[in-house]
Amino acid sequence: MIRFILRRLAIAIPTLLALIVVSFILMKVAPGNPFTGEKTLPKEVMANIMARYGLDKPEWQQLLDYISNIVLHFDFGPSFKYKDRSVTEIIAQGFPVTFTYGMWTFVVSTVLGVFVGVLAAVRQNSWVDYLSLGITIGAQVVPVYVVAPLLVLIFTLWLGWLPGGGWNGGHWSNVILPVVALSFSLVASVARIMRSSMLEVLGSNYIRTARAKGIPGYKIILRHALRPALLPVVTYLAPMLVYVITGSVIIDMYFSTGGIGSAFVNSALNRDYSTAMGITILYGTLTIAGNLLVDLIYAWIDPKIRL
Amino acid sequence: MTEILTVEDLRVRFTVHGGSFEAVRGLNFALNAGETLAVVGESGSGKSQAFMAMMGLVARNGSASGTVMFGGRDLLSLTPSQLNEVRGREIAMIFQDPMTSLNPAMKIGAQMAEVLTEHQGTDRRAAWKAAVEMLDRVGIPEAVSRANSYPHELSGGMRQRVMIGMALMCQPKVLIADEPTTALDVTVQAQMLELFKTLCRETGTSLVLITHDLGVVAGIADRMMVMYAGEAVETGAVDDLFYDPRHPYLKGLIQSTPSPDERKSYLTPIAGMPPNLTRLPPGCPFAPRCAWKMPICETTAPVLLPFGAGRARACHFDGPLVSVESAS
Amino acid sequence: MLVKSRTATLAEDGFARLPEKGRSLWADALSRFARNRAAMMGVIILALVILFMALGPLLGRWTIEKIDWDVMGMVAEKGMPSLETGHYFGTDDVGRDLYSRVIQGIGMSLMAGLVSAGVAVAIGTFYGAVSGYFGGRIDSAMMRFVDILYAVPTMFLVIVILMMFGRTVEVLFVSLGAISWMGLARVVRGQTIALRHREFVEAAVAGGARPLAIVYRHVLPNLLGLVAVYASLLIPDMIMVESFLSFLGLGIQDPNTSLGMLISEGSATMMYGTLWQLAFPLFFFVLILFSLYFVGDGLRDALDPKDR
């Protein structure tokens, strides 16, 4: 088990370093620097600013500083836009929000998706089956940024049940719409994956053995079929993470939840390089860590992989 | 002899691509208490499907009709929960492929103990203990630690031993073994048959051995039923059938099986292929391959008729099949 | 039966086949495609949408930028779809004609899909073919790089690139393509490895042809079917990503517009009761994506029988 984790880490760490280096290079090759722009600053002022942000040092020195600050102090440097705020502060402010509804999205989509998928497999060709198929196809062409406005239209404007935006310290009524908007297509995808893998498992020889042993149907599903059938869903968790991270940008913008997404879009609109890079690296790290976690869950579910 | 399982006019029909065909076409037979019955036939003869149907295990696109009387009840008309009381407790089944027939994500001890907790309400610890004892009985060394293994950690022979042990957990009245040794090495096959023999004798269990291998039959079975194209074509005591087969198909099977006792200079295969079940000929389904074919065989299908001491055959030809000269 | 056996061979070889057999296989694929109702429906709808895009402006009474001063400030009351005012789809929030803007948006979205997918296909095919053909260390280094890119939320990279190199249409299209080629590269690499051991490639090697020439002349043409399938599936994805960026205000800039941008504007003004501003762009967006997916699926079934 430990060897397995170490081997995965041996791949993850260079990937992460490469990501940081690529980000840094991108920052360097971009035309101009963040301070060229609106008006030309006097030479001395510019030199002052450059010194403050460490931009006067040789570039390899800057790169090393950047990496060591991130790795050792979790410090992504100062924001290029907001003079008195560091990137880390900006992230620390927005992350809890994004994390909260992101986690809920994971919980809702996997639990609901698995439930619907199992139901669709057991009641093959029933209305549950067709409904989940319909939603999957629909969800493919109706992305988050269409679902979100529609939800607001229905639940805020027409029914008046839920607030159409804001975070309100994470009050449940503010969390629901973001989670539903993000989960919408994920539930359908998970349900489809679960359905087909459940059907495959139910047709397998060891399920036939269980039936021959006289185990009742629901126990066969729960005790014998669920765990092996979950494997493809676990694999899907990795792309799901990317989807949630990407989608959170839309959610933060549309619902004004104040998560990292809006900080990212603002930084992109304001050419705040260090903030944009910091968030990209953070999310790259999260994705890599997520992949590692998926591998571990996989090994836990499938005894054959255990090492 | 008491009959414990009586099958009448068992039919199994499958629907595929809009059409349908019968894999089992009106099977009649009885199983006696304590005996070992071998069911012999090529793949596609319906031998597995017939017994799957009794256990309520036909695939989704299949359906079974007829009656299967067991303990005063018709297995085919039981509700799922009533059937679950019979399966695993009174009738157990073992399948061909031990590599895939055990749940890969469950410890083997748990899979065996489950049978007891399900059927007899045994508490978990006692059931686990019983599973370990059973592992020991089926000849698995270090049973205590092996119970904690996952199937992929065991060899094919070991897994089949686990399957056998699992099937016998509740001391069933009938054990159906569907090609239990086909996937195993020859040396392991012999051990496995020995195990079947002793265990069934100890527990008084009737054994149904489904196989295409006549060599297996000779070593273990009391009676034998030969199936062809979804029907029984000959039944009787094993010795009678081996030394005096009365259906040309069985005759062909014997001639194409190598035997250590006789010195055959050559083996004679049966010419032709098993018939397509969706397009059966009007007469005897074996007629196109038969060396004793008569005109009536092409028009009228023979029925299984009793003759001699407890024997029956479905063939228009009456009398011993002596000549081999035309079987080319 | 003939078709079946031929598809069986095709499945065996993947997409690697001899050039002179190519035509009949393409004809085969075409007839398979034509028999796929959903795919043909997709083609017809797409054709109608393109026809609408080409001929629609002839019927329009307003240009893209022209602001209807009568409507401005009273969009909810006066800007609704109407034949009278000539705003068939109504007006947008500042009083511009939505009909002509939707037509413009359709064009921009389709263009985004085509160009970005084209860029992705060009990079992916070349990268994968080179990696697969040379194999060994080059191959593993190149594939490791693909792995790394896969681990990055690529949308963020696009946004960063757009931020640094300016939010122009060209940068947008190229950067969209530049983050979407990895999947194709992997598939192409696999096929190339399979192709490399085919007789005609080995013959070319024995004949002393230069490696890049072999890749260009013998390997790439045989990857055409696979690439076509992949490209057709990439186009709707690219349209989707473009609209995502436009929704955030990071993609296409005014006065240019795309369906994503119109959807974004429409959803922002929903609460004023101007639902048509969301409905019309959304309708065309969903229509285009649906048909593209069906066409892509049809192509895959027709050209890649082993996937069925």
Side-chain angles (χ1 to χ4, degrees), chain A residues 1 4 114 118-126 128-129 194-235 294-307, chain B residues 48 51-52 54-60 78-108 110-120 148-153 159 162-163 166-167 169-170 172 175-176 178 183:
Chain A
M1 196 68 178
F4 179 77
V114 165
V118 170
L119 217 60
V122 177
R123 304 251 172 281
Q124 207 185 342
N125 301 328
S126 71
V128 185
D129 197 10
M194 190 65 202
R195 173 186 182 271
S196 63
S197 87
M198 184 52 110
L199 279 178
E200 199 181 316
V201 169
L202 286 182
S204 71
N205 283 346
Y206 58 88
I207 295 302
R208 186 179 62 187
T209 306
R211 290 173 64 199
K213 285 198 289 188
I215 313 290
Y218 71 96
K219 279 189 191 163
I220 289 185
I221 302 273
L222 291 180
R223 204 186 292 155
H224 288 265
L226 196 59
R227 213 161 110 158
L230 274 176
L231 284 179
V233 173
V234 173
T235 313
V294 165
D295 284 339
L296 291 181
I297 300 177
Y298 211 95
W300 175 67
I301 288 189
D302 188 354
K304 268 184 234 172
I305 303 179
R306 220 170 276 181
L307 255 174
Chain B
S48 295
F51 288 89
M52 295 270 213
M54 290 172 213
M55 295 288 278
L57 295 175
V58 280
R60 272 168 189 255
L78 294 184
T79 64
S81 63
Q82 286 172 327
L83 188 59
N84 278 336
E85 287 168 15
V86 176
R87 298 198 286 204
R89 169 149 64 179
E90 295 185 89
I91 307 179
M93 192 157 180
I94 296 171
F95 301 96
Q96 172 170 2
D97 190 356
M99 308 309 273
T100 58
S101 292
L102 287 167
N103 190 328
M106 270 173 93
K107 291 177 177 173
I108 57 169
Q111 297 190 49
M112 293 173 75
E114 183 189 36
V115 185
L116 284 185
T117 50
E118 190 59 45
H119 289 298
Q120 300 178 348
N148 276 307
S149 305
Y150 287 94
H152 73 273
E153 294 164 333
R159 287 191 219 182
V162 172
M163 288 293 291
M166 195 158 76
M169 285 301 279
C170 284
L175 173 60
I176 301 168
D178 185 358

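No hydrogens, no waters, no symmetry mates; every other heavy atom, side chains included, goes into these values.
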Of all heavy-atom pairs between A:A225 and A:L202, which one has the smallest distance, and what is that distance?
CB-CD2, 4.1 Å
For residues B:Q120 and B:C170, report the shortest heavy-atom separation together with the two atoms involved.
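Result for this residue pair: NE2-SG, 3.8 Å.
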How would you list, in number order, the residues of residues 80-90 of chain B that have a heavy atom less than 4.5 Å from chain A?
B:N84, B:R87, B:G88
Using a 3.5 Å distance criterion without hydrogens, assess whether the side chain of A:K213 forms a donor-acceptor pair with backbone atoms of B:Q111.
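Yes, because the side chain of A:K213 sits within donor-acceptor range (under 3.5 Å) of the backbone of B:Q111.
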Is a side-chain N or O of B:S101 found less than 3.5 angstrom from the main chain of A:T209, in a donor-acceptor match?
no
What part of [X] is in contact with chain A, defined as an atom under 4.5 angstrom from a non-hydrogen atom: side chain, backbone, both or neither?
X: B:L102; value: backbone
X: B:M169; value: neither
X: B:M166; value: side chain

Out of A:P216, A:S204, A:P228, A:G203, which one racks up the most heavy-atom pairs below 4.5 Å with chain B?
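Most heavy-atom pairs within the cutoff with chain B belong to A:P216.
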Winner by heavy-atom pair count (cut-off under 4.5 Å) against chain A, out of [options]:
options: B:M93, B:M106, B:M163, B:M55; result: B:M106
options: B:T100, B:I94, B:L57, B:N103; result: B:N103
options: B:Q96, B:M99, B:R60; result: B:R60

Got a sec, which residues hit side-chain contact (heavy atoms from CB on, under 4.5 Å) with B:A92, two or more places apart in sequence or on another chain?
B:A167, B:P172, B:L175
If you measure from OH on B:Y150 to NZ on B:K107, what distance do you get to the nearest 0.5 Å?
5.0 Å
Suppose we screen for ring pair (Phe, Tyr, Trp, His ring centres under 6.0 Å). Which residues come up paired with B:F95, at least two apart in sequence or across chains?
none
For B:S48, what residues pass the side-chain hydrogen bond (donor to acceptor under 3.5 Å, both in side chains) criterion, not counting sequence neighbours?
B:D178
Under-4.0 Å salt bridge between A:K219 and B:E114:
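No, this pair does not count.
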